[in-house]
Protein chains: 2
Amino acid sequence: MNDQAIRAKIQSMPASRIREVADAGMGLDGVIPLWFGESDRPTPAVIKQAAVEALDRDETFYAANVGLTGLREAIRTYSNNLYSCALDLDQIAVTGSGMQAVMLSIQMLLEPGDNMVTTGPTWPNIPGTVDIMGAEPRIVPLDEHGGVWSLDLDKLMARVDQHTRVIFINSPGNPTGWVMPREQQETLLAFARERGVWLLSDDVYSRITYHGRHAPSFLELVEPGDRFISINSFSKAWRMTGWRLGWVVAPPELLNQYAKLTEFNTSCQPPFVQHAGITALEKGEDALAEMMAELKTNRQLVMDRLGGCTRLRISPPDAAFYAFFAVEGMSDSVATAKDILAQTRVGLAPGAAFGPEGEGYLRICFANRTDRMAEALDRLADYFDR
Amino acid sequence: MNDQAIRAKIQSMPASRIREVADAGMGLDGVIPLWFGESDRPTPAVIKQAAVEALDRDETFYAANVGLTGLREAIRTYSNNLYSCALDLDQIAVTGSGMQAVMLSIQMLLEPGDNMVTTGPTWPNIPGTVDIMGAEPRIVPLDEHGGVWSLDLDKLMARVDQHTRVIFINSPGNPTGWVMPREQQETLLAFARERGVWLLSDDVYSRITYHGRHAPSFLELVEPGDRFISINSFSKAWRMTGWRLGWVVAPPELLNQYAKLTEFNTSCQPPFVQHAGITALEKGEDALAEMMAELKTNRQLVMDRLGGCTRLRISPPDAAFYAFFAVEGMSDSVATAKDILAQTRVGLAPGAAFGPEGEGYLRICFANRTDRMAEALDRLADYFDR
């Protein structure tokens with residue numbers, strides 16, 4: 001089958017570099033896998049139970065494209081309480097994962113000739129959706145000094161031109177843990193208003209912060225009429241990675257557009273999964289608090305064990321559950337991650353998985369049981385101190 | 001918010017005309033809803049139980065993009081037994097619904113400037129994916145004589161030009177119940193080979209047939225190297241509409257492409273949903289046989305009650321669980337469906353929901369309990385005999 005059999009754009013999209021390292025670990029014994037962005041603890045029992053009860057009630061039929069009203073109401077209550085905003089129900093649509101929330105939004109907004117400006121290093125799935133739609137992702141590099149990440153906002157705004165339809169901000173950011181400060185949010189929102197550009201905010205890690213109940217969110221700033229979409233997910237805060245459930249907050253004019261696009265992508269989300277989502281929002285705070293306590297311990301452990309390695313530039317992240325650290329002299333993060341895997345049996349994500357801006361770095365996910373983290377970090381400290 | 005806020009293509013896509021009628025029925029008492037394509041019976045208990053057990057086992061984490069190996073093996077065994085083919089595991093990818101199987105395939109194959117040739121009246125979601133990708137859907141009308149549907153294959157082949165990347169065949173067809181005969185499949189496959197065009201076969205209703213165990217399938221004809229994709233779903237045959245689980249059979253060269261596109265659309269399907277799929281394939285034949293027995297009874301009931309109405313052109317479908325019948329003198333199927341709803345409290349789908357080729361027709365879904373079907377059909381016969 002020749003290359004022209006499918007779209008050149010799809011053919012040339014790289015496969016995951018994380019997966020490349022993980023595949024190298026297949027069949028190895030004793031691997032501690034810290035490459036993917038998920039906790040090693042399963043979904044809290046109370047959330048699972050809600051799905052089982054919905055199945056018992058035979059909630060196995062098609063549901064509304066934009067989601068169960070009960071779930072949309074729960075998202076409204078949750079959001080309004082958390083961010084002190086005043087969302088209406090017609091601003092909320094349920095999606096089949098935060099990933100799908102990104103895809104539906106990009107399908108709605110971008111076509112060939114358009115571009116989207118975002119920051120890097122980045123979760124590759126964000127520019128990936130833009131590539132699929134035949135539009136242009138423009139990556140503005142974040143800056144890193146002493147392991148601390150920041151954005152020169154002028155550099156980002158300078159990349160916006162008349163073909164820019166979307167500015168996409170992932171804060172707290174994966175893989176860096178970077179958090180956009182409130183003042184930058186205000187400046188950027190004013191700029192987006194002036195230019196008529198859509199502002200998309202990936203708030204998936206909003207609750208995974210080490211300062212307060214949530215990271216600064218555009219939801220605290222936007223007003224009716226703003227071209228603003230917030231993307232969110234149940235995956236990280238409620239340990240529901242396998243469930244594929246997320247949502248968007250958008251202007252009410254877009255609700256029917258999300259309904260149409262959901263219809264043509266997956267048609268709806270399973271009602272029993274949505275009932276689990278309701279329970280997560282209404283009864284999930286205790287489990288979230290427990291996870292955050294463990295993450296705080298683990299984050300300190302990362303610094304205790306790796307902070308003293310002279311080859312590394314590392315700093316405690318303000319948010320998310322990753323450390324994204326530079327390794328002095330490393331020019332091939334995939335090869336290094338494979339070497340670390342072979343020598344220590346610890347699985348890390350190579351920085352190159354997050355675009356060329358990520359080369360020279362490695363990502364460790366510390367959302368794992370503390371004793372496993374301690375074991376993995378001992379092995380890594382030994383590796384880097386050699 | 002002005003129209004230029006989002007893509008004109010998305011803005012102008014019509015919302016579902018079925019939904020328009022169903023919305024008119026909101027708040028009406030005693031409605032028998034036969035507008036959507038699903039059974040009124042819930043998912044078989046044995047299938048639900050498999051999901052509950054997987055949740056008990058904490059299968060709540062990310063899974064492989066192309067699906068659990070166990071489910072792919074079950075699909076291979078099921079397909080090879082049913083169609084006497086010899087599929088390998090690397091030809092099978094799990095998707096989040098038959099709908100998503102269509103969307104991923106279209107993302108892979110079509111971009112602006114390309115076109116896809118298919119038949120109409122059609123499930124609007126098929127051309128909808130082509131519209132989203134900015135390509136051109138070309139609808140070739142099926143012919144209807146005395147309520148029996150057929151395709152003039154020469155007309156379809158004449159619409160294929162140098163920009164045609166895909167021929168999409170939905171057989172058994174929704175809404176018509178049309179089944180492409182074996183000889184036409186052979187002719188079309190030879191034509192697609194000669195022209196280097198992809199043949200996409202929507203086999204979702206393959207098992208819902210009144211002649212044998214399955215409808216004729218291209219899977220019985222294709223050979224290695226053919227540009228062929230079969231799309232399937234758990235929704236109809238196993239009453240799993242709300243679960244959003246489907247699959248594709250494709251050349252092995254495409255497996256990694258489906259993995260990439262799944263990653264960028266929903267990233268994976270819930271593992272506990274996939275376990276339900278395994279059980280459906282391995283233990284679902286009894287429930288399917290029971291449903292088919294009821295469907296046969298209901299199909300006869302439709303003919304007994306509506307076959308004598310002089311205003312209607314109706315014939316028993318060879319497959320699927322719809323009757324798609326012409327109403328003499330009707331020029332606005334949406335208005336008529338609303339009038340029927342108001343006067344009889346029976347919910348039908350207007351033909352216009354399936355494109356302009358469907359105007360003049362109504363669709364009734366008879367996958368409902370026989371006593372409810374009898375009541376609905378009595379009301380409809382009374383309406384049409386007036």
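These numbers were taken from a predicted model, which means no experiment stands behind them. All chains are named by letter (A, B, ...) in the order of the sequence lines, taking the proteins before the strands, and each is independently numbered beginning at 1.
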- Is it the backbone or the side chain of B:Ile126 that comes under 4.5 Å from a heavy atom of chain A, or both, or neither? neither
- Can you spot which of A:Ile132, A:Thr129, A:Ile6 makes a side-chain contact (heavy atoms from CB on, under 4.5 Å) with B:Gln107? A:Ile132
- Taking the side chain as C-beta and beyond, is there a heavy-atom pair between B:Gln11 and A:Met108 under 4.5 Å? no
- Query: Going from CD on B:Glu38 to OG1 on A:Thr60, what distance comes out if it is rounded to the nearest 0.5 angstrom?
  - Reply: 8.0 Å
- Message: Given 3.5 Å as the limit, does a donor-acceptor pair link the side chain of B:Asn265 with the main chain of A:Met103, or not?
- Response: no
- Task: Please check if the side chain of B:Arg244 supplies one atom and the backbone of A:Thr266 the other of a donor-acceptor pair under 3.5 Å.
- Result: yes
- Task: Would you mind checking which part of B:Gln257 comes under 4.5 Å of any heavy atom in chain A, side chain (CB onward), backbone (N, CA, C, O), both or neither?
- Result: side chain
- Item | B:Arg57, part contacting chain A, at a heavy-atom distance under 4.5 Å | neither
- Main-chain N/O of B:Ala5 paired with A:Trp198 side-chain donor or acceptor, under 3.5 Å: yes
- Message: If I measure from the heavy atoms of chain B, does A:Leu104 come under 4.5 Å with its side chain, its backbone, both, or neither?
- Response: neither
- Note on the structure: Assert top hit (heavy-atom pairs under 4.5 Å, partner chain B, pool A:Gln49, A:Lys9, A:Met13) equals A:Met13
- Message: Does any backbone or side-chain atom of A:Ser39 lie under 4.5 Å from a heavy atom of chain B? Answer side chain, backbone, both or neither.
- Response: backbone
- Message: Check this for me, if you would: do A:Asp58 and B:Lys48 make a salt bridge, where the nitrogen-to-carboxylate-oxygen distance has to be below 4.0 angstrom?
- Response: yes
- So, the part of B:Asp56 with a heavy atom under 4.5 Å from chain A: the answer is backbone
- Between A:Lys260 (side chain) and B:Ala15 (backbone), is there a donor-acceptor pair under 3.5 Å? no
- Item | Minimum-distance pair of heavy atoms, taken over all atoms of B:Pro271 and A:Gly242 | CD-O, 3.6 Å
- Message: Is A:Ser97 in contact with chain B via its backbone, its side chain, both, or neither, using a 4.5 Å heavy-atom distance?
- Response: side chain
- Message: With a 3.5 Å distance limit and no angle check, can you tell me whether B:Arg165 reaches the backbone of A:Arg7 through a side-chain donor-acceptor pair?
- Response: no
- Grab the two heavy atoms, one from A:Trp243 and one from B:Pro270, that are nearest each other, plus how far apart they are. O-CG, 3.5 Å
- Message: Between A:Asp40 and chain B, with a heavy-atom cut-off of 4.5 Å, which part of the residue counts as in contact: side chain, backbone, both or neither?
- Response: backbone
- Item | Part of A:Val102 lying under 4.5 Å from any heavy atom of chain B | neither
- Among A:Met240, A:Gln100, A:Glu59, the residue with the most heavy-atom pairs under 4.5 Å to chain B is A:Gln100
- Inter-residue atom distance A:Glu111.CD - B:Met133.CE, 0.5 Å rounding: 11.0 Å
- Closest non-hydrogen contact found for A:Phe264 with B:Asn125 is CE2-OD1, 3.3 Å
